[in-house]
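Naming: A, B, ... by sequence-line order, numbering from 1 per chain.
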Protein chains: 2
Amino acid sequence: MTAIEQAYDVFEDRCPTRLVLDRLADKWALLILDRLKSGPVRFNHIRRDIKGISQKVLAQTLRKLERNGLISRTIFPTVPVTVEYALTPLGRTLTDTVSALTHWAEKNMGAIFAAQRAYDEAYAD
Amino acid sequence: MTAIEQAYDVFEDRCPTRLVLDRLADKWALLILDRLKSGPVRFNHIRRDIKGISQKVLAQTLRKLERNGLISRTIFPTVPVTVEYALTPLGRTLTDTVSALTHWAEKNMGAIFAAQRAYDEAYAD
DNA sequence: TTAGATAGTTTCCAATAGATACCAAGGAGA
DNA sequence: TCTCCTTGGTATCTATTGGAAACTATCTAA
């Protein structure tokens, strides 16, 4: 580990890594990154695919991901205008990890719901 | 892919995997899971280690993780009382993925801040 | 001219997050 | 005995965020 790497610690307040984690640890951001994995997608296409996301939150989250260099935004002057979102090379380095998380959720859902039922029964008094 | 696995899709609203992702995609939950990786830790110990977390949010997040079967809560009748939190076997299956995320954040922080500066300069008008 | 598509912004209300103060039980020091 | 310290939390208040719905603007097709 180099001196530079050692200087950062997610457990430290004020550490910049926290700011990064703030932006990644967001349900919608993870779903969007996962959705863009297979190639560029348009705004309303994402909106239709990720069921339940509002236009406001989708726009905000896309802007956030763009500002952090994880996705790119390309405007095509068609009629009506087309805006395409795609992963940047930096964003692509994240997708494996993100996919691992969403896959873990899909795979271990049963165990989690069983745990919830057990917990709720135990503390139902 | 089996029929059961195929039935779940994180992009679907109302899909139970979404509920799981809601609970995982949380900055504090990720930090706590990462902190517990090396062994059981007490409440105030976590609170001191994860700088900036409030008691309320720590208590809430621990309760949430416990309900979802990711961590266990053990009370020792010492004086004053000692409460130890530890990863369950299920929680342990998650830590590799979580560590990958926090490590990615530490490693790519520089690139992200550079992207932010570039974005803010480009849209500063 | 009415409806639909594009990609958003605006507005409002409810839910959440964070800061702060407070609680009980007991031990140590003055 | 009085006060401060520890343990692991709640209770309260406010600020921020999230979601639902309506609105913008431009152009096409029926």
* To do: For B:Asp96, check side chain to side chain contact (heavy atoms under 4.5 Å, CB included) against everything at least two apart and list the hits.
  => none
* Could you list the residues that satisfy side chain to side chain contact (heavy atoms under 4.5 Å, CB included) with B:His45, not counting sequence neighbours? => B:Arg35, B:Val41, B:Arg42, B:Asp49
* Report the residues that fulfil salt bridge (charged side-chain N to carboxylate O under 4.0 Å, His left out) with A:Lys37, sequence neighbours left out, ordered by chain and then residue number. => A:Asp34
* Structure fact -> By salt bridge (charged side-chain N to carboxylate O under 4.0 Å, His left out), A:Arg67 pairs with (sequence neighbours left out) B:Asp120
Return the polar atom pairs (N/O with N/O) between nucleotides 7-17 of chain C and the protein under 3.5 Å, or none.
from	atom 1	to	atom 2	distance (Å)
C:dA7	OP1	A:Val83	N	3.4
C:dA7	OP2	A:Asn44	N	3.1
C:dA7	OP2	A:Asn44	ND2	3.1
C:dG8	OP1	A:Arg73	NH2	2.3
C:dG8	OP2	A:Tyr85	OH	2.6
C:dG8	N7	A:Gln55	OE1	3.4
C:dG8	N7	A:Gln55	NE2	2.9
C:dG8	O6	A:Gln55	OE1	2.7
C:dT9	OP2	A:Arg63	NH2	3.4

List the atom pairs, with distances to 0.1 Å, where a side-chain N or O of residues 58-66 of chain B and a protein N or O form a donor-acceptor pair under 3.5 Å, not counting sequence neighbours.
from	atom 1	to	atom 2	distance (Å)
B:Thr61	OG1	B:Val57	O	2.6
B:Lys64	NZ	B:Asp26	OD2	3.4

* Are A:Ile50 and A:Trp28 side-chain neighbours, meaning at least one heavy-atom pair lies under 4.5 Å? -> yes
Of all residues at least two apart in sequence or in a different chain, which pass the side chain to side chain donor-acceptor pair (under 3.5 Å) check with [X]?
| X | value |
| --- | --- |
| A:Arg117 | none |
| A:Thr82 | A:Thr78 |
| B:Arg73 | B:Tyr85 |

* Asked: Between C:dT6 atom P and A:Leu58 atom CG, what is the distance in whole Å?
  -> 13 Å
Result block: side-chain N/O donor-acceptor pairs under 3.5 angstrom for residues 86-94 of chain B, not counting sequence neighbours:
from	atom 1	to	atom 2	distance (Å)
B:Thr88	OG1	B:Gly69	O	2.6
B:Thr88	OG1	B:Leu70	O	3.1
B:Thr88	OG1	B:Leu90	N	3.4
B:Thr88	OG1	B:Gly91	N	3.0
B:Thr93	OG1	A:Trp104	NE1	3.0
B:Thr93	OG1	B:Leu90	O	2.5

* If you walk 5' to 3' along DNA chain D, what is the first nucleotide with an atom under 4.0 Å of a heavy atom in chain B, and what is the last? -> D:dT6 to D:dT12
* Asked: How would nucleotides 23-30 of chain C be written as a contact map, 5' to 3', with B for base contact, S for sugar-phosphate-only contact and - for no contact, using protein heavy atoms under 4.0 Å?
  -> ---SS---
